[in-house]
Amino acid sequence: MASTAPTSSSTRVLSGIQPTSMSQHIGNYLGATKQWVTMQHDHDVFFFLADLHAITADPPEPAVLRQRSHQAVAQLLAAGVDPEHSAIFLQSHVPGHTQLSWVLECLTAYGEAGRMTQFKDKSARGERVSVGLLTYPILQAADILIYQAHQVPVGEDQRQHIELTRDLAQRFNTRYGDTFVVPDAFIPKASAKILDLQDPTAKMSKSLPDAGTLNLLDDPKVLTKKIKRAVTDDGTEVRFDPVAKPGVSNLLVILAAVTGSTPDAAAAQFDGQGYGALKMAVADAVVAFAEPFAARVHEAMSDPGELDLILARGAERARPIAEATVNDVYDRVGFVPPLARPR
Ligand code: TRP
């Protein structure tokens, strides 16, 4: 799929993240949010918290979900997503997402949904899976198509979902006439893929043991300890070589991403020094980034009224666009429009 280069301010960009934890980890930030921050200046951007998606597997306690949603907004703000440039909103505040999802579900074959990896892997492992997990990618397609988004900045793991979104857009357009923009995934080629510190063959993930995950809201002491205990490789030389030295290379990727350098340039600084010096430098750089980030999150969290206001404004920008798409789709499908009566 083409990762078309950003073009102009009329290019609409949309992305979402699930509020599934209290803290973003550094992989979420470098892989997603950081990208959003750079895109917001020259595109028409919509970023939302996928709270509907967050109950598809192991729904959290209601109070926990509410807090995670607020935490997630505070973290977007702390990362530099600016509500003056970006519409920031909650998926559950815009009813059109589920309204459109239903129509798209009816265009999706059961087997097609069942072949999506997330669902297939979980069911294969014998885990309890909900119908919501089966239809998860279809709701995601609705999230995107409802805004007529051109570009969807996501990580590599979302490629299959964007493919389905494109298929559904084309299927609808063929059957009912041109309605949807067929969106492109925007997967930056150089997107930093951050690996787990304890298992540098796996992507850093909140579902792996905590020791391998650098949460941006971890205490600086905890961050430092996790980095010092990171798995390294045989030998002593600090060199960027993801195949022979996955652990060391992952640390170099993190260091480079946080300091705005490249892994090779970062490695060159440690000529003649060992892994200890590298870990020290990574810990310092990560803490220097995470500490002010956490302070900004706490400040934003101290004013929940302001967070709710930002979400209300975001939803006010999103809702008319979503409503127009749903009206158009319902009309094309053949639902009789409700008569608007003067009150
Ligand atoms: N599935 C995405 C993830 O887990 C989150 C998401 C939901 C999303 N809807 C979206 C991403 C729409 C991009 C566009 O990361």
Side-chain angles (χ1 to χ4, degrees), residues 1 3 11-21 24-25 27-36 39-40 43-60 65 68-69 72-73 75-76 79 81 86-94 96-101 104-105 113 116-122 130 132-169 180-188 191 193-194 203-207 314 318 321-322 325:
M1 195 187 314
S3 286
T11 304
R12 183 164 292 158
V13 168
L14 171 127
S15 196
I17 41 165
Q18 290 190 61
T20 41
S21 64
Q24 282 202 358
H25 61 67
N28 302 135
Y29 170 73
L30 295 171
T33 329
K34 192 178 174 199
Q35 185 67 27
W36 298 6
M39 290 182 106
Q40 68 184 341
H43 298 82
D44 182 23
V45 290
F46 290 79
F47 297 131
F48 70 95
L49 285 315
D51 53 354
L52 300 175
H53 279 116
I55 63 164
T56 46
D58 303 326
L65 179 57
R68 285 178 182 173
S69 292
V73 183
Q75 288 173 75
L76 290 186
V81 177
S86 305
I88 305 171
F89 61 99
L90 293 180
Q91 189 184 26
S92 62
H93 287 184
V94 184
H97 292 237
T98 47
Q99 293 173 313
L100 178 58
S101 187
L104 298 178
E105 279 173 40
M116 303 299 287
T117 28
Q118 207 177 23
F119 180 80
K120 210 173 66 181
D121 292 353
K122 278 215 171 178
S130 66
L133 191 70
L134 177 68
T135 56
Y136 178 117
I138 308 172
L139 177 59
Q140 179 164 352
D143 297 336
I144 298 166
L145 299 180
I146 202 166
Y147 297 106
Q148 309 287 0
H150 303 98
Q151 286 185 0
V152 187
V154 283
E156 184 58 46
D157 62 327
Q158 296 297 310
R159 194 183 280 281
Q160 194 188 33
H161 291 165
I162 312 300
E163 279 299 338
L164 177 73
T165 305
R166 291 168 57 88
D167 286 347
L168 291 174
F180 293 121
V181 169
V182 180
D184 281 318
F186 183 73
I187 303 174
S191 93
K193 192 168 168 197
I194 308 297
K203 202 179 133 181
M204 187 177 283
S205 159
K206 64 171 168 38
S207 50
I321 303 168
T325 305

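Whatever order the structure lists ligands and atoms in, that order sets their numbers, starting from 1.
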Q: Using atom types as modelled and distance alone, determine if a side-chain donor or acceptor of Q151 lies under 3.5 Å from a backbone N or O of D184.
A: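 It does not hold such a pair.
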Classify the contact between [X] and ligand 1 as side chain, backbone, both or neither, using a heavy-atom distance cut-off of under 4.0 Å.
| X | answer |
| --- | --- |
| V154 | side chain |
| D157 | neither |
| H53 | side chain |
| Y147 | neither |

Q | I55, CD1 atom: more than 12 neighbouring heavy atoms under 6.0 Å | A |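 No, not enclosed.
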Nearest-contact summary for [atom] - protein heavy atom, Å:
| atom | answer |
| --- | --- |
| atom 10 (C) of ligand 1 | Q140 CG, 3.5 Å |
| atom 15 (O) of ligand 1 | Q158 NE2, 3.6 Å |
| atom 5 (C) of ligand 1 | G16 O, 3.6 Å |
| atom 4 (O) of ligand 1 | Y136 OH, 3.2 Å |
| atom 9 (N) of ligand 1 | D143 OD2, 2.7 Å |

Q: Identify the residue among F89, F48, F47 that makes a ring-ring contact (aromatic ring centres under 6.0 Å, His included) with Y147.
A: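 Going through F89, F48, F47 one by one, the ring-ring contact (aromatic ring centres under 6.0 Å, His included) with Y147 is satisfied by F89 alone.
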Q: Nearest 0.5 Å please: distance from the CG atom of L133 over to the NZ atom of K122.
A: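 The CG atom of L133 sits 6.0 Å away from the NZ atom of K122.
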Q | Distance, nearest 0.5 Å, that separates NE2 of H53 from OG1 of T135 | A |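 Spacing of NE2 (H53) from OG1 (T135) equals 8.0 Å.
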(Q) Evaluate H161 for polar contact with ligand 1, using N/O atom pairs at a separation under 3.5 Å. (A)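 Between H161 and ligand 1, no N or O pair is found under 3.5 Å apart.
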Q. Is the shortest N/O to N/O distance between S15 and ligand 1 below 3.5 Å?
A.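 For ligand 1, there is no N or O atom that lies under 3.5 Å from one belonging to S15.
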Q: Among H97, Q99, E105, find the one that has a side-chain contact (heavy atoms from CB on, under 4.5 Å) with S101.
A: E105
